[in-house]
Amino acid sequence: MSVRSFHSVYMAGTVAAAALGCYLVSLRVASERAALEGVETRIVQTQSDIRMLQTEIGTRGRLDQLEQWNASALSLSAPAANQFVEDSFQLAKLAAPDHHLEVKAPVIMASAPAPRPVLGNDQSDQTAATASENSPQQLVHEASLKIEPRETPEAQAIVSPAAVKAKPAPKPLTPRATPPKSKTEPASATRATSKKPAPKLSIASAHTETKSIKLAEADPLAPLPYGGKPHAAHSQQSRDSDRRK
Amino acid sequence: MNAPTAALVAPRPERLRLVGQRRQILSMMHQRLMLGMLLYAGIVAIIALRLVYLAAFGVHSGEQAGIPTLIPDRGDIIDRDGEPLARTINAWSIAVHPDKVIGDKLALAGRLAQLMPEHSEADYFAMLKSGKSFIYLQRRASPDLVQAVNAIGEPGIEIQREPVRLYPQTTLAAHVIGFSNIDGHGAYGIERAFDKQLSDPATRGAPVQLSISMKIQQALEHELSDAMTHFSALGAAGVVMDVHTGEVLAMTSLPAMNPNAPGQVTPDQMFNRATQGVYELGSTFKPFTLAMAMDSGTVRGPGQMFNCPKVLPAYGHLVHDTHPFGRMCSVAEIMMESSNIGMAQIADQLGTARQQAWLRKMGFLSPVAIELKERGRPLTPRSWGPFETMTVGFGQGIAVAPLQLAMGYATLFDGGVYHSPTILKIGPNRPLAAGRRVFTADTSYRMRSLLRLVVMRGTGRKADAPGYRVGGKTGTAQKVINGRYSQTVNITSFAGVFPMDDPRYVIVVMLDAPHATPETYGFTTAGWNVAPVVSRTVSRIAPMLGVQPDLNREPDMGEVLPYVQGAQQDTKKD
């Protein structure tokens, strides 16, 4: 009873503090439990709300109502027996594109090279050139790209410069084939084509056709013996360069 | 504490008597003080302990309310896919305590009449003046109305939430689900049959799951009501049943009723034609007679020949046919053309005793074994002589419920095994009870092609749903009006099974007193009015039931086609 020292006070304080600590823990537990119950209550209330809303949606979208909407607006009906497929094979068959063989399609040749220019006159040269333009490559183009008819001259023109490069060689041969008059003339003709086409024009024109030389004057890079095409080639090139610009 | 006190009251010297007396008084006071202190300490300790106990184990504010449960006031009813068919919701109700009204009663009555015009202002005033303690003004009130009434601010008006039964699908399957009365107890259908389970707190948490499928029910109901309106029939009934389990997937009776407003349902609407109504279903009975005869051995097979004259005199009566043969005809032809004359002879050979035994075995002589309480008792001939045996053989003189007919077809096509029909879903919680064999499996198999023949070439051609191999039998019976067979009014029915090469579902459809229309050419027979319903319903429900349509599959028609005159030529032509 009588407190002689502070020892017992400390003891009492410690006990009180311990008790208070225990009490606080228990209080904390109790409050947590209460919060948990609050959450559980809210879950149940939400579930009940969900149920209520589901009931409302179900009632508003009842089958009878859907049937009426279907009758008045949608007009959907059950699939007929022939709208069912039995297996994946039948399904795949439905999706496959129609594969029609085009019997009228031209035969595509496998890389037919242009025939070498035969030594001979201008006529043969011309035919060789036209043959190289017409037969295999042109056909390839037609089969695959289906080029419009109006574009074909230009397409030919693109091809021609490559074939033309070899053509200065046959040209001097043409006079030789007809009359063996002089050796200088053909040589001068070759020189004329290579170096100075303009001054030698008169000599060349005297012996062969004038047209080809005129054209050569217009376009020294493509001195073709026949008309129209070098121009076209030139214009094509210029167009190309225009495009590049 | 007592020790020092004891020391104080120890023997004292004489000379110190006074001092001793003072000390005695002092010690006594000490004692009393100590006692008082102990008392207070004890009380404080008790309070503290109690507080600690309460903090640790006692109830607290959060626990006071308790967790509400999701268990409804009455159990749900759901369909086989889990869709709700009946639920209990909390609806608003508006009531008034006339003795507690403090405002101006006349003004209040006027305001109430404005808000709820179903009663006049005078009526409301009379209610308020009546002095009663409680009057319902409106139950299932809409939230808007509740808000408006609440805004009046009259303390005598009570707005409360109370559980009400809601049937979300309204008229759908109403005769199966039924309805509950104002006290919340089942009054009809499942609500009545399972009232205990639905209202018992221990069991009402789990819903009652029906075998009904809402989608199939809707398809059947819609097609039937279409036909009923089209042919101006008095009523209609339909049943779709699983052959192997006896589960009723759809059952309807028209005219429909709205279980949400049971007070407005007329007795005619309330009558369940599928289970309560018993009808002479006519030729739909013939397959049973044939199966009985085949199982008893009096008919060997579909090729057996019978003499089918145009009119058959029998036991002082005359038996007529709608499509008379006037020649010898095979059993297959008798079925195909639904010949009464042929079937009467088959029934005659079977005999009365065997016929009754078979009918009893099939469950046709007792009320249909289903959980619903609305069941009709079959009508059988009072004196069952040989002529009655003949008429029962072709479906006259015996009246059964359409559900019973479906049950008979399910038995016949489930390999001859009877399963009692059920409205509850067969599943893990409710395993399928063992059936009982009625017909042999062989008879069941042979009936397939016979009934398919009826739909392919006979009276039921309009019931065919392409790809679904429907087989079945039409039935046209004269309606009994005032105790006499009417010559003009019919009850038409069709009992079908699909797919016939492996029977899975039975569909029975019935129209009560259909009228002729221009497109039926004046006929009111089953082939013209109910058979198309079956065709439309089957092509709608079969995909949902998982029946794969196949235009190249048929049951083994080689069993019957050789015995049908003209069939071979037809096939050659094809």
Point to revise | Euclidean distance, A/S77 OG relative to B/R536 CZ, rounded to 0.5 Å | key: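 Separation between the atoms: 13.0 Å.
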Which one wins on heavy-atom pair count under 4.5 Å against chain B: [options]?
{"options": "A/R62, A/M52, A/E56, A/R51", "value": "A/R51"}
{"options": "A/T55, A/V25, A/V29", "value": "A/T55"}
{"options": "A/L66, A/T59, A/L63", "value": "A/L63"}

No-hydrogen, no-angle side-chain donor-acceptor test under 3.5 Å, [X] and [Y]:
{"X": "B/R80", "Y": "B/S211", "result": "no"}
{"X": "A/E86", "Y": "A/Q90", "result": "no"}
{"X": "B/E221", "Y": "B/T252", "result": "yes"}
{"X": "B/E191", "Y": "B/Y167", "result": "yes"}

Residue part contacting chain A, namely of [X], when any heavy atom lies under 4.5 Å:
{"X": "B/D550", "answer": "side chain"}
{"X": "B/I541", "answer": "neither"}
{"X": "B/D76", "answer": "side chain"}
{"X": "B/Q169", "answer": "both"}

Check your understanding: Is chain B contacted by the side chain of A/V39, its backbone, both, or neither, given a heavy-atom distance below 4.5 Å?
Key ->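 Neither part, no heavy atoms under 4.5 Å.
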Practice item. Could you tell me which portion of A/R60 (side chain, backbone, both or neither) has an atom closer than 4.5 angstrom to a non-hydrogen atom of chain B? Key: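 Neither part.
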Practice item. Inspect the contact between B/R165 and B/D73 and indicate whether a charged nitrogen and a carboxylate oxygen are less than 4.0 angstrom apart. Key: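 No, no charged N to carboxylate O under 4.0 Å.
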Check your understanding: When heavy-atom pairs shorter than 4.5 Å are enumerated against chain A, which of B/N90, B/T170, B/L172, B/L51 gives the highest number?
Key ->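 Heavy-atom pairs under 4.5 Å are most numerous for B/T170.
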**Study point:** Winner by heavy-atom pair count (cut-off under 4.5 Å) against chain A, out of B/A219, B/G467, B/P168
**Key:**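 Going by pairs under 4.5 Å, I would pick B/P168.
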Exercise for review: Decide if atom CD of B/Q264 counts as having more than 12 heavy atoms of other residues, nucleotides or ligands within a radius under 6.0 Å.
Suggested key: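 Counting other residues, nucleotides and ligands, CD of B/Q264 stays at 12 neighbours or fewer.
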Check your understanding: Can B/R140 be said to sit on top of B/W92's aromatic six-ring, NZ or CZ under 6.0 Å from centre and within 45° of the ring axis?
Key ->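 The answer is no, since B/R140 fails at least one limit relative to B/W92.
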